[in-house]
Amino acid sequence: MSRQRAIMNWSGGKDSALALFHSLRSERWEIQTLLTSVNEQFGRVSMHGVRKELLVAQAEKLGIPLTLLSLPGDVSMEEYDARMQTTLQALAQQGSTHSIFGDIFLEDLRQYREGQLKQVNLTGAFPLWQRNTTELVHEFVDLGFRAVLVCVNDKQLGAEFVGRELDLDLLKDLPKNVDPCGENGEYHSFVYDGPIFASPIAFEKGDVIRRTYAPSGGTDCHSDQTDSRWDTGFWYQDLVVPGV
């Protein structure tokens, strides 16, 4: 059976890494590129806050090309959709037929993604869909992946969690109301080692910073401004590439 060319939607975090692991093991897929959206002003992954340089390092260790979709910090959904459609159309013209995601449970998000893909004749694939999140995160650790928490929602987790290693000790410390995979947005991670990487990614921990943002736009979570109008706060662990 010939492999189908696919785009891997890549956040740099745990779920996308595990979805890529299973996709690479499958005889079905040939991964054309990693696709990541970044804030064009600050050069960081949207919501995760990870620097673009670390994304590049991940792609190099994976041996997979990286496609960056640059977005303004206050991007509207209309502009986001338009830019994404342009990017996906170009990748489809290069031979991709599918787009792979690390989503697990969010049905409305899956439907949105599939609707957007349909417009450019792409089909979604969800290798982790509806799997038990406790089993998933333990599989991630057992496979030898290593990651740190780079962003936590302070409504569910305290500042003491950001920057911690995603390991069994952390999983034991998570409050009972927090999904083990952070599927409800409780935390985001940066994966720096594991069975899909040629070698570990070097980084240093920088500042820990609290930011607030507006879910509908208007305040950028990577800016140096904290807007007291919004009560959705996040703690970020900045990660720095040594020597940069």
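Side chains included, hydrogens not; waters and symmetry mates left out as well; all remaining heavy atoms used.
- To the nearest 0.5 Å, the span separating CG on D173 from CG on L171 amounts to 9.0 Å.
- R5 forms no cation-pi arrangement with W29, by the criterion of a distance under 6.0 Å to the ring centre and an angle within 45° of the ring axis.
- Taking the side chain as every heavy atom from C-beta outward, T33 and M8 never approach each other to under 4.5 Å.
- Side-chain contact check for V240 versus K205: every heavy-atom pair is 4.5 Å or farther apart.
- Judged purely by atom type and a 3.5 angstrom limit, T36 uses its side chain to pair as donor or acceptor with the backbone of W10.
- Inspection of the S99 and N9 side chains reveals an N or O donor paired with an N or O acceptor under 3.5 Å.
- With contacts defined as side-chain heavy-atom distances shorter than 4.5 Å, the pair R210/Y236 does not qualify.
- Between K118 and E114 there is no salt bridge, since none of the side-chain N atoms of the basic residue sits less than 4.0 Å from a carboxylate O of the acidic one.
- At distances below 3.5 Å, not a single donor-acceptor pair connects side-chain atoms of R28 with backbone N or O atoms of S2.
- Looking at every heavy atom in both residues, S16 comes nearest to G12 through OG-N, 3.5 Å.
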Determine whether V45 and F190 satisfy the following criterion, side chain to side chain contact (heavy atoms under 4.5 Å, CB included), listing intermediate values before the conclusion. CA-CA 10 Å; V45 182; F190 172 75; over 6 Å; no

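- Annotation: side chain of L88 is in contact with side chain of L35 (closest heavy-atom distance under 4.5 Å).
- Atom-to-atom distance recorded for M84:CE and L71:CG is 7.0 Å, nearest 0.5 angstrom.
- Nearest heavy atoms, P175 versus F161: CD-CZ, 4.2 Å.
- Heavy-atom minimum distance, C181 versus L136: SG-CB, 3.9 Å.
- Side-chain atoms of T133 and I104, non-hydrogen and from C-beta on, do get closer than 4.5 Å to each other.
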Kindly indicate, with the supporting measurements, whether the criterion side chain to side chain contact (heavy atoms under 4.5 Å, CB included) is fulfilled by Q58 and I201. CA-CA 7 Å; Q58 284 181 322; I201 297 159; 3.3 Å; yes

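- Residues R146 and F197 have side chains not in contact (no heavy-atom distance under 4.5 Å, counting atoms from C-beta outward).
- Scanning both residues, L55 and S11, for their nearest heavy atoms gives CD2-O, 4.4 Å.
- Minimum interatomic distance between L24 and I196 (heavy atoms only, all atoms of both residues): CD1-CG2, 3.9 Å.
- Of all non-hydrogen atoms in V150 and H48, the two that sit nearest each other are CG2-O, 3.6 Å.
- Placement of V152 and I209 in two distinct hydrophobic clusters is found when ILVMFWY residues are connected by side-chain heavy-atom separations under 4.5 Å, directly or transitively.
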Y112/D81 under side chain to side chain contact (heavy atoms under 4.5 Å, CB included): CA gap, chis, key distance, verdict: CA-CA 11 Å; Y112 164 76; D81 288 343; 2.3 Å; yes

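- A salt bridge does not link D108 with R113: every distance from a Lys NZ or Arg NE/NH1/NH2 to an Asp or Glu carboxylate oxygen is 4.0 Å or more.
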Let's go through E78 and R83 carefully: what are the C-alpha distance in whole Å and the side-chain angles of both, what is the deciding distance for salt bridge (charged side-chain N to carboxylate O under 4.0 Å, His left out) to 0.1 Å, and is it a yes or a no? CA-CA 9 Å; E78 291 78 11; R83 292 197 186 197; over 6 Å; no

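- For the atom pair NE2 of H98 and CZ of F126, the computed distance is 10.5 Å after rounding to the nearest 0.5 Å.
- Proximity of a side-chain donor or acceptor of R51 to a complementary backbone N or O of L239 within less than 3.5 Å is detected.
- Annotation: side chain of L18 is in contact with side chain of L143 (closest heavy-atom distance under 4.5 Å).
- With hydrogens and angles disregarded, a donor-acceptor distance shorter than 3.5 Å links the side chain of S23 to the backbone of A19.
- Side-chain contact, D179 with Y187: no donor N or O sits under 3.5 Å from an acceptor N or O.
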Working note: F101 + L109, criterion side chain to side chain contact (heavy atoms under 4.5 Å, CB included); need CA distance, chi angles, decisive distance, verdict. CA-CA 11 Å; F101 299 89; L109 180 59; over 6 Å; no

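- Atom CG of L168 is separated from atom NZ of K172 by 6.5 Å, given to the nearest 0.5 angstrom.
- Of the charged side-chain nitrogens involved, none lies within less than 4.0 Å of a carboxylate oxygen, so that K155 and E186 do not count as a salt-bridged pair.
- Annotation: side chain of R44 is in contact with side chain of D238 (closest heavy-atom distance under 4.5 Å).
- Atom CG in D193 sits 9.5 Å away from atom NZ in K61 (nearest 0.5 Å).
- L157 CG to L149 CG: the interatomic distance, rounded to the nearest 0.5 Å, is 7.5 Å.
- Side-chain contact check for Q85 and Q116: at least one donor-acceptor pair (N or O, by modelled atom type) lies under 3.5 Å.
- Ring geometry, F140 versus F145: the interplanar angle falls under 30°, so the pair is classed parallel (tilted spans 30 to 60°).
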